[in-house]
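First up is the structure itself, then whatever we jot down about it.
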Amino acid sequence: MTGHAIVVGGGIGGLATALALHRIGWRATVLERAPELGEVGAGMSQAPNALRALAELGVEAEARAVGVPTYSTSNLRRPDGRYLKRAEPGEGTALLGFHRADLHGVLLDAVPAGWVHTEAEVTDLRPDGAGVTVTAGGTDYRADLVIGADGIHSAVRTRLWPEARPPRYLGRTAWLGVTDVAGLPGDLTGSVTLGRGALFLIHPVARDRAYWALLTAEPTAGVRYDDEKATALERVAGWHEPVPQLIRATPDAAVIRTDIRELPPLSTYARGRVALLGDAAHAMSPDRGQGAGHTLEDAVVLAHALSAEPTVEAALARYDAERRPRDQATARGARIDGAMTSSRVGQPAMVALVRLMPATLWRKGVAPDGNPTWRWEPPRLPAVPPVY
Ligand SMILES: Cc1cc2nc3c(=O)[nH]c(=O)nc-3n(C[C@H](O)[C@H](O)[C@H](O)COP(=O)(O)OP(=O)(O)OC[C@H]3O[C@@H](n4cnc5c(N)ncnc54)[C@H](O)[C@@H]3O)c2cc1C
């Protein structure tokens with residue numbers, strides 16, 4: 001079966017979906033509300049499962065070229081700088097660190113020219129038996145299928161999943177940034193530092209830069225500080241270098257603040273000829289570094305289902321059955337991890353557990369095949385002549 005799909009949203013999820021559809025001989029129109037395409041935000045890591053999804057999309061080499069090995073799961077530190085666990089010299093790592101814009105750019109370069117429309121905010125969609133009509137920027141578009149890849153506050157979900165509960169605040173906030181690291185002292189190979197109710201993450205990213213994120217407990221959502229950078233610095237006063245230096249070195253305007261929210265589990269990702277994907281379907285706490293990774297997986301599984309099933313409806317039902325349990329299990333795990341790291345009781349217990357764990361066991365857990373989430377294998381997409 002081939003056809004034409006409208007993809008709502010031109011983030012990592014929307015572009016990966018367009019690319020996956022291209023691989024199975026479908027056409028796609030990507031409608032993005034922003035005037036220009038690009039990823040706002042800072043950095044991220046991708047694990048072996050996501051890298052396999054990128055391979056199935058045909059862009060693994062391009063992604064690896066802009067990714068940098070990060071030892072964030074191997075180097076666990078305390079605020080005084082001591083290592084709870086540390087990578088051995090010469091040890092490999094399964095994770096790559098990315099600037100968001102770099103990974104987004106890899107996907108965008110691979111999507112056929114003319115498929116992505118900017119300044120096209122979707123405001124309405126009307127499914128019927130034969131297809132779906134979508135209104136964006138005063139224009140009506142028609143397709144066999146619509147995929148809502150429009151993020152945590154998805155308009156597609158709001159319109160067609162009226163029973164879905166809204167995103168909920170998880171009692172934590174994050175400051176994020178990317179900065180040049182040339183000349184900065186300290187371990188910049190990737191690490192996580194666990195302090196009281198807070199964690200500080202470092203991933204190296206391309207072009208001699210590092211991504212950092214400070215996640216801390218914050219009882220109320222939406223609080224704003226006059227000087228966000230100075231507030232972030234206060235929260236890590238006395239922490240080991242390069243933690244304060246990374247924040248200090250980041251231009252004020254490049255320090256981003258975001259509250260941590262998740263989407264309560266949906267009862268389905270598919271409704272007739274409309275499906276949800278990525279954060280629109282399963283926005284999760286960032287503690288397992290899997291939100292975008294699972295989004296890439298979604299795109300591959302959706303395309304595979306469309307190539308294998310006789311109707312759009314059957315394909316979307318299959319996509320829902322294959323993706324929802326895995327996405328929701330990872331989201332649950334990420335929420336629990338986040339609650340532990342930000343809890344004044346849970347975190348010391350976690351640190352004690354890590355301390356007690358033999359180094360060999362720890363290494364096994366952070367090896368590419370040591371982690372059940374990372375072991376995911378994509379379905380193989382059929383070789384079909386692509387449509388341009
Ligand atoms: C602090 C933090 C750290 C994270 N770290 C990681 C990590 O290390 N690894 C990882 O895999 N994931 C990570 N994530 C998760 C990851 O950022 C998301 O899962 C991922 O970006 C979701 O992509 P998406 O395309 O589904 O949604 P989005 O990136 O939100 O993209 C949605 C797009 O839709 C557009 N849009 C919205 N509404 C409309 C509309 N009505 N019409 C048209 N367009 C519309 C938006 O403009 C946007 O371009 C992290 C998240 C956070 C908050």
Side-chain angles (χ1 to χ4, degrees), residues 6-18 29-47 49-51 53-54 67 70 72-73 95-101 103-104 107-108 116-125 134-137 141 146-159 167 170 172-177 190 192 199 201 203 205 211-216 256-263 276-299 327 330-331 334 338 373-374:
I6 288 172
V7 180
V8 185
I12 286 173
L15 295 185
T17 303
T29 301
V30 180
L31 301 175
E32 165 58 49
R33 72 177 169 195
E36 275 175 40
L37 270 192
E39 268 287 298
V40 282
M44 55 168 51
S45 64
Q46 292 306 334
N49 55 306
L51 297 170
L54 288 164
T70 171
S72 57
T73 51
L95 293 181
L96 288 182
F98 290 93
H99 193 294
R100 277 172 181 267
L103 187 56
H104 187 265
L107 294 168
L108 183 59
V116 182
H117 301 237
T118 51
E119 284 189 278
E121 178 167 8
V122 170
T123 48
D124 192 23
L125 63 165
V134 172
T135 306
Y141 299 80
V146 170
I147 296 128
D150 50 345
I152 185 167
H153 301 292
S154 166
V156 175
R157 191 183 65 237
T158 307
R159 290 233 148 232
L170 293 177
R172 299 163 82 210
T173 198
W175 283 272
L176 321 163
V192 172
L199 72 79
L201 168 76
H203 293 311
V205 300
Y211 157 64
W212 58 266
L214 170 65
L215 281 97
T216 70
I256 297 168
R257 173 79 184 293
T258 182
D259 287 334
I260 304 298
R261 291 189 165 81
E262 70 166 9
L263 185 70
L276 296 174
L277 177 146
D279 276 12
H282 52 70
M284 61 181 79
S285 184
D287 293 272
R288 293 196 172 182
Q290 282 290 341
H294 277 43
T295 298
L296 295 167
E297 292 183 12
D298 291 346
D327 291 334
T330 302
T373 307
W374 294 359

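Just follow the structure's listing: the first ligand is 1, and inside any ligand the first atom is 1. Model, not experiment: these values are computed from the prediction.
- Of the options G13, A16, S72, the smallest heavy-atom separation from atom 23 (O) of ligand 1 is shown by G13.
- In terms of polar-atom proximity, H203 is not counted as a contact of ligand 1, lacking any N or O under 3.5 Å from an N or O of the ligand.
- Judged by the shortest distance from any of its heavy atoms, R100 lies inside the 4.0 Å radius around the atoms of ligand 1.
- Considering only residues two or more places apart in sequence or on other chains, R261 meets the salt bridge (Lys or Arg N to Asp or Glu O under 4.0 Å) condition with none of them.
- Every heavy atom of A213 sits 4.0 Å or more from the atoms of ligand 1.
- Every atom of ligand 1 with a heavy atom of P286 under 4.0 Å away is listed here by number and element: 2 (C), 3 (C), 4 (C), 50 (C), 52 (C).
- Ring geometry for H117 against Y141 counts as perpendicular: the plane angle is over 60°, on a 0 to 90° scale with 30° as the lower cut.
- In terms of polar-atom proximity, A34 is not counted as a contact of ligand 1, lacking any N or O under 3.5 Å from an N or O of the ligand.
- The shell of residues lying under 4.0 angstrom from ligand 1, judged by heavy atoms, includes A120.
- Taking a cut-off of under 4.0 Å to the non-hydrogen atoms of G9, the atoms of ligand 1 that pass are 33 (C), 34 (O), 35 (C), 44 (N).
- Annotation: E121 places no N or O atom under 3.5 Å from an N or O atom of ligand 1; distance criterion only.
- In summary, the atoms of ligand 1 found under 4.0 Å from a heavy atom of A149, numbered by their order in the structure, are 32 (C), 33 (C), 34 (O).
- For the ligand labelled ligand 1, residue S45 lies inside the 4.0 Å heavy-atom shell.
- Numbered from 1 in the order shown, with element, the atoms of ligand 1 that lie under 4.0 Å from a heavy atom of G278 read 26 (O).
- Only side-chain heavy atoms of V8 come within less than 4.0 Å of ligand 1; its backbone N, CA, C and O stay farther off.
- Checked against a 3.5 angstrom limit, the closest N/O atoms of A292 and ligand 1 fall inside it.
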